[in-house]
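Below is one structure; the comments refer to it alone.
Remember, it's a predicted structure, so these values are computed and weren't measured experimentally.
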Amino acid sequence: MQLSVQQLDDLRPDAGLGWRWEQLVQAAPASGLMQSLHWAAFKRTRGLRVLHLGLFAADELIGGALLYAPATAQPASLLIAPEGPVLPWEQPEIARAGLRLLRSAALERASKYAAVGMRIEPLLPTPRPPLLRDWGRAPVDLLARETLLLDLTQSEAELLAAMRPKCRYNIRLAERHGVHVRSSTAEHDIPLFYALLDEAGERDDFYVEPIDHFSDLLRMLAPHGLARLLIAEYAGAALGALLLTTYGQRAVYLYGGTATSERNKMAGYALQWAAITSAKAAGCASYDFYGYDASGNPQHQYANFSRFKRGFGGTPRTFIGAHDFYWPDRLADAVVRAVHALR
Amino acid sequence: MTIVLDERADSSIAVYIDGDLQFDSRDEGLYHELLALPALALATARRSARGKPKLRALICGGGDGLAARELLKSAVISHVDLVDYDAQIIALARDDWAAINGHALSDARLHVHVEDAFQFVDRAARLHRAYDLIICDFTVPRDSAGARLHTIEWYGQLRAILADTGVLAVNAASPSQTPLAYWSIYNSLRAAELHPRPYRFVLPSFTNAGYGDDWGFFIGAARHLRPREFSELRFAEPRQFLHSADQLRRCFCFPSAIAKLRDSAPPTSMGSLWLLQALFNPTWEDASAVDWSALDWSHDPAELPATDSAAPVLPYAVRATLQQAEPTVSETEVFEQVIEVMPALRADQTRSMIREFIDNPARFLNTLDLRAIVDALLRRAAELPQRLVGELRLLRANLRRTWSNPHSLLQRGLRIVSIIAIVVILSNIIHPDAAYGKGSVDGGTTSGAYQSGSFARTSSPYDVVAPPPSTVSGPGFAPSRYGRGVVVDEVGSYYPTRRYRYYRSYYGGSSYRSYSRPARPDDPNEGEALYRLTPETDLLANGEIVIALTDQSYLLLADQVTSVVDINTGLPIIFLQRDPALIWRTHQELNRQRTGLRDSVKGKQDWIDWISWMGFAPWRDDDERELANMQNTVDVVNKAIASLGSVPAQQPPVAEPPLSGSYQLFTGVWVTGDGSMAIIQRADAQPAYLDRNGWWLDPGRTAPISDPYPDDLRKLVLVPFLTKLVNEYDAVKKSIESDLASARQDMTSLQKDLAEYTQIQKTYGPSDTVEYGSSEISVSQALQLTNADIGRTDQLISVLQQRVDQLPKQHEAAQKLLAVLR
């Protein structure tokens with residue numbers, strides 16, 4: 001099979017090659033929203049530069065990658081493809097050749113981005129395929145490598161039946177308490193969502209992106225039906241909020257937080273159940289809890305919220321994580337520049 | 001530009017631009033009065049002295065119309081040019097915020113220009129326009145485009161259009177939180193000969209948003225502003241916050257420790273990133289002292305530092321540390337110092353976030369093919385200093401002999417390795433998403449097997465190791481939070497509270513001896529935890545110290561005994577012998593946190609005193625309540641210390657097992673080495689040996705205890721506690737075993753490849769091309785790399801196997817005891 005790579009500029013997701021790209025990404029089990037042109041548009045508003053490479057077999061688009069780079073990069077940067085590249089991983093020989101071509105094409109363009117290497121993070125289950133043997137395990141993962149997936153092809157009754165009894169009870173308890181969950185795509189709800197996320201970040205010790213990250217995300221993705229806020233309210237007060245993304249068959253609970261007070265109202269349970277049913281209604285086949293430790297290790301970074309998520313059932317999944325490939329000559333060049341800066 | 005509006009129930013609004021708070025309608029008046037009115041009053045006084053009462057003003061930025069509102073209060077203002085590049089802000093100011101800005105944008109004297117301020121000022125300079133008053137009301141820069149509006153070039157252009165008697169006011173930064181950034185702007189103004197004087201105040205909304213305990217402006221002029229000019233200023237009316245010239249003069253007072261830093265903050269020229277890096281890396285100095293006044297001199301005697309003019313290849317702090325390294329200091333220490341100062345490079349990062357991100361620098365080297373990089377660097381040896389070339393050759397020889405262990409590489413004392421690591425770390429940090437990543441890798445390897453950061457708990461859960469006290473930074477003591485269903489810790493973070501029931505009469509004295517469950521009082525006391533001493537240890541409002549054991553039980557520390565209490569009924573389940581080691585540790589921790597809290601109380605008090613002295617304090621009630629809450633917490637800690645009773649003067653030895661080979665589960669409770677019994681060290685110092693069927697005075701189970709069997713202890717405490725313990729151990733073991741399985745799987749695949757490559761080399765020679773991963777390389781290279789992979793994987797397997805073998809033996813005993821007691 002004759003493969004080639006072309007740079008794809010300014011594609012529109014609803015027409016021509018752009019539409020074909022979106023179809024390809026949505027059908028690729030190892031890819032997701034972060035490889036869509038919509039996400040690329042969102043990232044551009046956040047000041048990132050985007051390099052879109054398409055992999056062709058003859059004239060047919062069969063894969064590629066959306067690679068993100070920071071606007072300014074001193075002394076060096078990486079070209080990063082979260083949830084990518086899009087490749088026929090089930091056909092290792094084509095995937096191997098495709099990946100090699102994508103890497104060369106990225107290297108040809110690397111100087112424009114001051115890139116010294118490339119990072120990929122396909123959602124491939126462990127073990128790592130041999131074709132990534134020359135890629136190094138990255139020092140950090142952008143995505144949740146260990147997660148919990150809920151099969152949304154089940155009926156609501158089946159989903160509830162598969163939950164732990166206490167979780168099911170808490171969903172009903174929240175309802176009895178009068179916790180109401182509303183869906184919103186309005187930007188004016190962002191401060192409310194952010195306050196709850198920030199409160200959870202403070203309590204559970206994780207970093208939260210700045211508020212405009214979320215307003216940009218909602219503004220860029222909500223009009224296409226790809227993101228929405230769910231807000232759990234009780235007696236006029238917001239007790240929890242969640243940002244849900246849906247793309248193709250996959251829904252992801254990307255961000256969320258609950259208030260420290262009124263925990264006995266079980267708003268977190270109401271919120272998750274609303275997100276699950278909402279994702280199901282949107283036609284998604286799986287719901288990703290985005291971060292989960294299946295082992296129950298209390299020292300795991302996901303330990304706190306994994307206990308909560310465990311109640312909902314689902315199947316734990318471990319991906320291979322992010323992998324890096326550094327171009328020796330480009331990295332050497334950055335090192336030489338750094339040495340000169342020290343003189 | 002992203003604008004976020006937060007419209008609150010009380011009709012106030014907060015406006016965020018690109019994530020930064022632009023203004024909060026509740027206190028923006030303070031900010032804008034202080035930015036605009038002093039400059040307006042000075043310019044008016046200067047013009048009046050020359051018999052020219054009318055003023056022409058320029059506002060750069062400030063598209064919200066709020067600074068304009070202040071200027072337009074004055075009848076002497078004849079013309080205001082407002083230049084802001086954001087049409088969206090202007091539109092909001094014209095319509096939605098008209099009530100807040102007093103319809104400033106509809107005032108005939110105001111002329112709005114939607115364009116880049118730099119271009120506008122450049123044109124004005126070329127046209128020889130002059131302004132009597134210039135207000136720079138830009139948001140704090142987040143990128144190089146914003147930073148250019150604080151360069152010498154920019155201020156030079158402003159000086160060119162500032163009338164001879166004109167006055168300039170500049171919004172800057174927090175002098176206490178980012179002093180170097182604040183003084184860098186100051187020195188750029190000085191370098192442009194605008195003779196600035198610094199002043200500052202407190203803006204509650206900015207403080208709450210984490211922008212600092214103070215906020216700073218500058219006021220300057222082409223002709224020096226004399227201190228006496230500030231004595232009798234007449235400010236435009238109406239005003240809400242700025243009362244008098246005396247009050248304004250207080251704003252010019254700073255802590256001398258902060259003022260001193262102006263010597264080390266360079267003015268910046270176009271292209272410099274110095275200001276941005278200083279803004280992104282706050283240092284949080286104490287804001288409260290007022291022992292230095294910027295009105296005490298006519299000309300600032302401080303030397304003007306040299307200008308910083310170019311974008312750095314390495315961040316300033318990193319470069320400075322590497323350059324200043326003493327030859328006597330080892331390379332490892334230099335590298336550690338560099339990691340310590342590694343700055344945040346983006347507005348949305350923090351230095352602490354970066355430090356956490358690089359908690360294990362070796363992992364950044366793990367991902368590299370070091371041999372290829374060393375070869376690439378040696379190809380450019382002519383461009384490198386001799387010392388580094390020597391190091392590279394040494395490194396190359398080492399890499400040939402063995403596979404690289406990044407950890408040991410960093411410890412070999414080679415500067416070139418440090419620089420490679422720093423460049424790789426920086427290439428990661430610079431990516432906006434990196435520090436928010438949803439996972440991190442602990443010891444990941446190129447073999448594709450993973451370690452999970454597994455742990456094994458080997459000591460008592462109550463061992464407390466905590467950093468030294470620091471002042472409170474979280475909102476947990478704020479009146480809206482404190483005591484309202486949340487528990488607060490020493491830095492002000494708050495968590496959901498736990499509720500505890502208890503009977504006062506059963507502990508704290510000798511009454512436990514006559515305790516009888518049937519004769520209990522009617523209703524238990526119920527208390528919420530108020531203060532979190534450690535993740536397991538809470539203090540109740542009355543100073544009781546409780547340690548969570550299970551969902552159904554907790555430990556209550558008291559002066560004579562330690563009680564295990566049923567969380568639902570409040571009834572004691574059993575009384576345990578006091579463990580002097582636990583009492584000592586708890587006392588140490590209480591003392592340490594009390595010191596930190598007292599410092600926080602003092603810091604808060606000083607700050608309140610300062611803002612009271614400044615005279616802008618409409619929000620002081622909340623601060624005073626917060627201070628009272630902090631003081632109350634100190635009182636609670638005092639009570640807790642008192643409740644401990646006598647505390648050993650020296651650290652007592654760790655408690656000896658009552659029976660050889662037994663393991664401690666928690667204070668006073670042990671499991672025998674064979675897991676057949678629990679040993680309870682009762683309050684009367686008599687150990688009790690307990691299994692499912694009874695309890696005895698001797699390990700041989702021949703002398704039964706006459707008191708009723710403590711079934712609640714078994715049911716509510718031991719079984720749940722052991723279940724949790726066993727589950728945790730199982731989880732740790734499972735996690736390591738899963739990593740081990742993955743590593744072994746990888747090894748099998750590598751061995752298969754090795755056999756194939758060996759066969760190919762034998763048949764077709766060493767230069768035949770094969771696929772290795774996604775690369776095509778010679779079979780000899782593939783063999784070399786595969787052997788290295790096998791070496792790494794083999795080592796990983798041994799490490800993981802060691803971890804499994806080292807899992808504490810008490811696991812088995814706990815598992816057996818659980819089976820016995822269930």
Side-chain angles (χ1 to χ4, degrees), chain A residues 46 48 70 73-78 80 96 99-100 103 116 126-128 130-145 188 190-191 202-203 207 209-212 215-216 260-261 263 291 295-299 321 324 326 328-329 331-332 334-339 341-342, chain B residues 2 4-7 16 18-19 311 313-314 319 322-323 348 353 363-364 367-368 372-373 376-377 380 383-384 388 419-420 423 426-427 430-434 436-441 444-446 448 455 474 485-486 493-496 727-728 731-732 734-735 742 745-746 749 772-775:
Chain A
R46 303 297 306 156
L48 268 79
Q74 278 286 29
S77 79
L78 296 169
I80 299 183
R96 186 193 302 272
L99 183 59
R100 194 185 305 151
R103 202 174 65 202
V116 294
T126 52
R128 181 177 68 162
L131 72 92
L132 290 181
R133 187 153 291 156
D134 51 342
W135 290 69
R137 182 72 175 96
V140 67
D141 296 320
L142 174 64
L143 312 169
R145 191 172 73 85
H188 64 70
I190 285 287
E202 165 87 19
R203 184 181 64 231
Y207 290 115
E209 287 90 336
I211 190 168
D212 52 327
S215 51
D216 283 347
T260 305
S261 55
R263 313 266 313 163
S295 72
N297 179 351
Q299 296 302 302
D324 288 350
Y326 281 85
D329 287 317
L331 179 56
V335 170
V336 170
R337 280 188 287 114
V339 169
L342 292 170
Chain B
T2 303
V4 178
L5 280 180
D6 185 7
E7 292 169 288
Y16 296 83
D18 291 337
V313 172
L314 292 176
R319 193 178 62 188
L322 282 169
Q323 282 173 335
D348 55 359
M353 187 190 265
R363 71 192 162 121
F364 290 89
T367 189
L368 304 175
I373 286 150
L377 279 166
R380 298 183 64 172
E383 298 169 64
L384 293 168
L388 295 189
I419 297 174
I420 294 171
V423 168
L426 288 169
S427 70
I430 209 156
H431 203 282
D433 294 327
Y436 296 104
K438 300 301 170 212
S440 65
V441 184
T445 72
T446 50
F455 102 116
V486 300
S493 296
Y494 55 94
Y495 310 87
N727 286 346
E728 285 176 4
V732 171
K734 203 164 92 186
S735 168
S742 174
Q745 209 172 358
D746 223 43
S749 156
Y772 172 80
S774 56
S775 306

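- Here the OG1-OH distance, from A:T260 to B:Y494, works out to 5.0 Å after rounding to the nearest 0.5 Å.
- Expressed to the nearest 0.5 Å, how far CG of A:N297 lies from OG of B:S735 amounts to 5.5 Å.
- For the pair B:R380/A:D329, no side-chain contact is recorded, criterion being any heavy-atom separation below 4.5 Å from C-beta on.
- B:T2 and A:D216 form a side-chain donor-acceptor contact under 3.5 Å, judged by distance and modelled atom types alone.
- The minimum heavy-atom distance between B:S775 and A:R103, with the atom names listed, is OG-NH2, 3.0 Å.
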> Can A:S215 and B:Y16 be said to form a side-chain contact (heavy atoms from CB on, under 4.5 Å), step by step?
Replying inline: CA-CA 11 Å; A:S215 51; B:Y16 296 83; over 6 Å; no

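- Side-chain contact between A:E209 and B:P432 is absent, with no heavy-atom pair separated by less than 4.5 Å.
- The CG atom of B:D6 lies 11.0 Å from the CD1 atom of A:I190; values are rounded to the nearest 0.5 Å.
- Note that CD of A:E202 and OH of B:Y495 are 7.5 Å apart. Values are rounded to the nearest 0.5 Å.
- In this structure, the side chain of A:R100 engages the main chain of B:S774 through a donor-acceptor pair within 3.5 Å.
- A:R128 contributes atom CZ, which lies 9.5 Å from atom OG of B:S742 (distance to the nearest 0.5 angstrom).
- A:R203 and B:P496 get closest at one heavy-atom pair: CD-CD, 3.5 Å.
- Here the shortest heavy-atom pairing between A:R133 and B:S749 reads NH2-OG, 2.7 Å.
- Residues A:A332 and B:L377 share a closest heavy-atom pair of O-CD2, 3.7 Å.
- Under the 3.5 Å distance criterion, the side-chain polar atoms of A:R137 are left unmatched by any main-chain donor or acceptor of B:T367.
- Considering only heavy atoms from C-beta on, B:L368 comes within 4.5 Å of A:L331 through its side chain.
- Both the backbone and the side chain of B:E383 come within less than 4.5 Å of a heavy atom in chain A.
- Considering all non-hydrogen atoms of both residues, A:I211 and B:G19 come closest at CG2-CA, 3.6 Å.
- Residues B:D433 and A:I80 fail the side-chain proximity criterion, which asks for heavy atoms closer than 4.5 Å.
- Of the listed residues (A:A341, A:P191, A:A334), the greatest number of heavy-atom pairs within a distance under 4.5 Å of chain B belongs to A:P191.
- Your options are B:A311, B:A372, B:G485, and the one with the most heavy-atom pairs under 4.5 Å with chain A is B:A372.
- Among A:L78, A:L131, A:D212, the residue with the largest count of heavy-atom pairs under 4.5 Å with chain B is A:D212.
- With chain A as the partner, the residue from B:Q323, B:K734, B:Q745, B:M353 showing the most heavy-atom pairs under 4.5 Å is B:M353.
- Heavy-atom distances place the side chain of A:R263, and not its backbone, under 4.5 Å from chain B.
- By number of non-hydrogen pairs under 4.5 angstrom with chain B, the leading residue of A:H188, A:R96, A:R337 is A:R96.
- Closest heavy-atom contact between A:L342 and B:R319: CD2-CG, 3.8 Å.
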